[in-house]
Amino acid sequence: MMVSIFTLLIGFVSSGTFAQNDRTRLEVTEDLSESLANDILELSVAVRDRDFEIMSLYFPAQFSAKPFSSRPAASKTQVKWITVHNWEAAAPNQTNGAAKTTKSEFLKNWKEFLEHFSDIEDARFKVKEANFDENANSVQGAKEPTAVVGATGRARIAFYVIGRDIDGKREWARGAFWANVRFAANKHWQFDSFELISFDSMVAETDLFSEVAVPAGVGCPLPSFGTKENSGFSWRGAAAGDLNNDCWIDLFATSGGRNIVYLNDQKGGFRDASEETRVKQLASGNGPLIFDYDNDGDSDVFISTVGRQILFQNQLKQTDKAEFIDISLESGVAKDAIGFSAIAGDVNGDGRLDIYVTSYNRYGQVTPDSWFRATNGTPNLLFINQADGTFREEAAKWGVDDRRWSSAAEFADVNSDGKIDLYVANDFGEKAMYVNKGDRFVDEAKERGVLDPGNGMGVSFGDYNNDGLLDLHATNMSSTAGNRIITRLFPSANVKDNVYKKLASGNNLFENTGDGKFRDVTAEVGGFSGGWAWGGGFLDFDNDGWEDIYTPNGFISGKSMKDT
């Protein structure tokens, strides 16, 4: 997506700011940057695999560098279960500039650094900033951006190694360095200098979580994306709730072509009950929602989907078995949408749960009419519970038929008036804060300080500072490439005065100020660059009385790390 944004930005600024030769040079510079970024992904894999033969391709026989800091320094506690330590060089650092070192000596220090890890889960080098000499050129018409041999420049590169240290503790080593780079005859970018800017590690003193999907009975293998069995453009989802009223949390998951119910075995695991609950062959979709739509005391399931929306009624009260039947048509929810997620809340205060569906559009077939103010998504849906087992779609009547490529939403009473309000995260449109006026909603996102034009993928409410007020976390995308491109085009820009900078900056945290308004505290308390981030939200996962924030991230991966 960032390549498209680069093309858009170049076209936007070249009409007035840049002459054609400036635009051409910018395109060459970004080709060189992308060539460097793609090439050091191979270095990332080599570091992960401790392949020093491949690593050696990125260094000349001799270059400017101080001894690499390869030995852990003393640790200090950051929070009760995380310690931090710096890294020290094996030999004293030179004081008068960077000394010359050999490739073998430098890689010897890297080997010592990597030996600190008993297991390496991931390693990555990312180009944060890059500038190239005027005579540096890219190969025109190349299938992938590549440089002409001899091209030189200077880059700021971040790197990290994630794994377990020699004591088995999870560790995240992260650093950054400046480097003079040169595209060598071996068709790799080499570092003619290596100037470390920062380097430290975070260590988890205890494991709070472990991956137990397979032993817990929920490690269901699914067809890879792009295969005939899983070729749709939309994603799937899961929800947790007590489906059989045994006071244990069960799981409902959607996947390509089928649904899955995992019933809790009350022994720390789950069993696949898809057949006995009769959901396996029923219609499936994206975002499942577990709630009691008919107030009969058992949990039903609504599924937002691309096509007609779906409602399964739980027959537990009728048959004493957790079995589901499809009542989408007779209940009135079988309305068309590009449904990505759904939430439930009592919109009109009648004691019955209503349903709000966020509706996207067919990205790839339909192009957003703006990168940050798009209005050509499909309208969101609001199903009002009629208290007779049916719903009426009233999004337009209530003023919430948002068409800004919506991804997620959440209900909360943001102004403490006893009526639930609605926050909607839009991908290509500014976000909405719909305040409930009793018979309609009014979008007051700008007035309440939460307009946020980032590419919205998720939203959650929680009290991050324990002041008794609901704060707001908005999940957006952040992009290393995007920030690099935008910084080159707008060197002095920041997220407050440049919307394109904001689009690549990541998640936001808004503090509730107690008057129904919010204050953006992202820069004060975090910096939440979550990558290609999605939902997530508030969770006190270390049980210390303070809510933490979890953000899943990632996108479709192919055979190469260069594909997103």
Side-chain angles (χ1 to χ4, degrees), residues 36-76 83-95 97-128 154-205 560-561:
L36 172 61
N38 286 344
D39 190 36
I40 61 176
L41 287 174
E42 186 176 341
L43 174 62
S44 302
V45 174
V47 170
R48 183 196 66 191
D49 297 343
R50 307 175 202 251
D51 188 335
F52 291 94
E53 183 177 349
I54 296 295
M55 289 174 63
S56 69
L57 299 175
Y58 292 85
F59 299 91
Q62 192 175 54
F63 59 102
S64 295
K66 295 177 181 179
F68 183 70
S69 302
S70 57
R71 296 180 178 178
S75 297
K76 59 181 178 181
T83 59
V84 177
H85 68 79
N86 292 319
W87 291 84
E88 298 174 341
N93 282 343
Q94 303 292 323
T95 56
K100 288 285 187 179
T101 189
T102 63
K103 171 167 55 177
S104 59
E105 185 64 27
F106 195 76
L107 290 180
K108 177 183 176 182
N109 291 338
W110 262 88
K111 184 173 186 293
E112 182 180 19
F113 161 60
L114 295 180
E115 285 174 347
H116 176 77
F117 292 86
S118 60
D119 176 68
I120 298 176
E121 178 182 321
D122 192 17
R124 202 66 56 96
F125 289 77
K126 292 188 175 185
V127 178
K128 295 291 187 178
R154 186 166 174 79
R156 179 168 59 89
I157 298 172
F159 67 95
Y160 65 76
V161 176
I162 297 175
R164 292 188 180 273
D165 66 13
I166 54 177
D167 296 321
K169 298 175 182 177
R170 288 194 60 81
E171 180 163 352
W172 174 25
R174 65 253 175 104
F177 61 94
W178 280 103
N180 293 329
V181 295
R182 173 179 48 83
F183 195 66
N186 66 0
K187 300 299 178 71
H188 285 289
W189 285 94
Q190 292 190 340
F191 302 128
D192 286 338
S193 69
F194 188 102
E195 305 156 38
L196 202 59
I197 304 168
S198 62
F199 190 25
D200 66 3
S201 274
M202 297 180 69
V203 182
E205 292 299 317
S560 167
M561 289 200 298

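Nearest heavy-atom pair across Arg154 and Ser193 is NH1-OG, 4.2 Å. Heavy atoms only, all atoms of each residue included: Glu112 and Ser70 are closest at OE1-OG, 2.8 Å. Summarising the geometry of Ala73 relative to Glu88, their closest heavy-atom pair is CB-OE2, 3.6 Å, with the distance given to 0.1 Å.
Residues satisfying the ring pair (Phe, Tyr, Trp, His ring centres under 6.0 Å) criterion with Phe183, sequence neighbours excluded, are Trp189. With sequence neighbours left out, Phe63 forms a ring pair (Phe, Tyr, Trp, His ring centres under 6.0 Å) with Phe59, Phe106.
Here the CZ-CG distance, from Arg71 to Asn109, works out to 8.5 Å after rounding to the nearest 0.5 Å. In this structure, the separation between CD on Gln62 and OG1 on Thr101 is 8.0 Å, given to the nearest 0.5 Å. A distance of 10.5 Å separates CG in Asp51 from CG in Leu43, rounded to the nearest 0.5 Å. Between Ser44 atom OG and Phe159 atom CZ the span is 11.0 Å, to the nearest 0.5 Å.
Contact check on Glu115 versus Lys111 returns a salt bridge, with a Lys/Arg side-chain nitrogen under 4.0 Å from an Asp/Glu carboxylate oxygen. For Arg156 and Glu195, the salt-bridge test fails: no basic side-chain N is under 4.0 Å from an acidic carboxylate O. Ionic pairing of Glu121 and Arg164 is not present here: no N-O contact between side-chain nitrogen and carboxylate oxygen is shorter than 4.0 angstrom.
Side-chain contact check for Thr83 and Glu205: at least one donor-acceptor pair (N or O, by modelled atom type) lies under 3.5 Å.
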Enumerate, atom names and distances included, each donor-acceptor pair closer than 3.5 Å involving a side-chain atom of residues 196-203, sequence neighbours excluded.
{"residue": "Asp200", "atom": "OD1", "partner": "Arg174", "partner atom": "NE", "Å": "2.7"}
{"residue": "Ser201", "atom": "OG", "partner": "Trp87", "partner atom": "NE1", "Å": "3.0"}
{"residue": "Ser201", "atom": "OG", "partner": "Glu171", "partner atom": "OE2", "Å": "2.7"}

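Checking side-chain atoms of Arg182 against main-chain N and O of Phe191 turns up no donor-acceptor pair under 3.5 Å. Looking only at distances, a side-chain donor or acceptor of Asp165 sits under 3.5 Å from a matching main-chain atom of Asp167. The closest donor-acceptor contact from the side chain of Gln190 to the backbone of Leu57 lies under 3.5 Å. Counting only distance, with no hydrogens or angles, the side chain of Tyr160 and the backbone of Asp122 share no donor-acceptor pair below 3.5 Å.
The residue from Phe125, Trp178, Trp110, Phe177 that alone fulfils the ring-ring contact (aromatic ring centres under 6.0 Å, His included) condition with Phe194 is Phe177.
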